[in-house]
Amino acid sequence: MQEQGVPSDAFPKSLDGVLLLSTYGSPINDGLSVLHSVVSDRAKALDGDAATISDDEDIWLAPPWDAASTALTDAALALGAPSWANSADRDILMQAWKSAYA
């Protein structure tokens with residue numbers, strides 16, 4: 001993101017679970033939110049309540065749905081916003097997708 005002029009302190013160190021990055025927005029618009037919604041809906045349709053884990057504040061996808069969602073969102077970023085990552089970073093983002101579908 002520094003290549004696009006985004007200050008390094010603009011985001012928290014861990015971006016786990018982030019779907020929209022501050023006021024800068026997502027580099028693929030609503031794509032990450034749509035992917036998350038589709039995976040969540042499918043997970044709930046197939047596994048019901050077992051598809052999610054919750055505590056008093058948050059609800060998140062349970063395995064293996066969490067890994068599926070991560071693989072899809074990483075691939076979406078690598079393919080949908082290639083200018084946001086160098087070639088090596090795009091390869092890292094594509095690893096889970098390639099291991100499942102290549």
Side-chain angles (χ1 to χ4, degrees):
M1 288 190 280
Q2 289 178 346
E3 292 174 7
Q4 288 76 36
V6 178
S8 61
D9 62 350
F11 305 107
K13 290 185 182 197
S14 172
L15 295 177
D16 287 347
V18 172
L19 297 179
L20 183 64
L21 302 174
S22 184
T23 58
Y24 295 101
S26 168
I28 59 172
N29 300 313
D30 292 331
L32 299 179
S33 295
V34 169
L35 280 172
H36 180 74
S37 293
V38 169
V39 173
S40 293
D41 291 349
R42 188 65 178 153
K44 291 173 190 172
L46 293 176
D47 289 343
D49 290 340
T52 59
I53 300 169
S54 63
D55 59 19
D56 291 337
E57 297 179 15
D58 294 314
I59 299 172
W60 56 95
L61 291 170
W65 297 104
D66 60 339
S69 181
T70 298
L72 286 169
T73 55
D74 285 356
L77 285 170
L79 298 172
S83 64
W84 275 61
N86 61 37
S87 178
D89 290 341
R90 285 192 303 275
D91 288 343
I92 292 168
L93 289 169
M94 290 298 298
Q95 279 181 339
W97 177 264
K98 286 180 180 178
S99 70
Y101 297 103

N/O donor-acceptor pairs under 3.5 Å from side chains in residues 88-100, not counting sequence neighbours:
from: Arg90; atom 1: NH1; to: Pro82; atom 2: O; distance (Å): 2.8
from: Arg90; atom 1: NH1; to: Ala85; atom 2: O; distance (Å): 2.3
from: Ser99; atom 1: OG; to: Gln95; atom 2: O; distance (Å): 3.4
from: Ser99; atom 1: OG; to: Ala96; atom 2: O; distance (Å): 2.9

Validation: residues 37-46 side-chain donor-acceptor distances under 3.5 Å, sequence neighbours left out:
from: Ser37; atom 1: OG; to: Ser33; atom 2: O; distance (Å): 3.1
from: Ser40; atom 1: OG; to: His36; atom 2: O; distance (Å): 2.9
from: Ser40; atom 1: OG; to: His36; atom 2: NE2; distance (Å): 3.4

4.5 Å side-chain heavy-atom contact, Trp60 and Asp55: yes

At what distance, to the nearest 0.5 angstrom, does CD1 of Ile53 lie from CG of Asp58? 11.5 Å

Between Asn29 and Gly31, is there a donor-acceptor pair closer than 3.5 Å when you use the side chain of the first and the backbone of the second? no

Nearest 0.5 Å please: distance from the CG atom of Leu77 over to the CG atom of Leu72. 11.0 Å

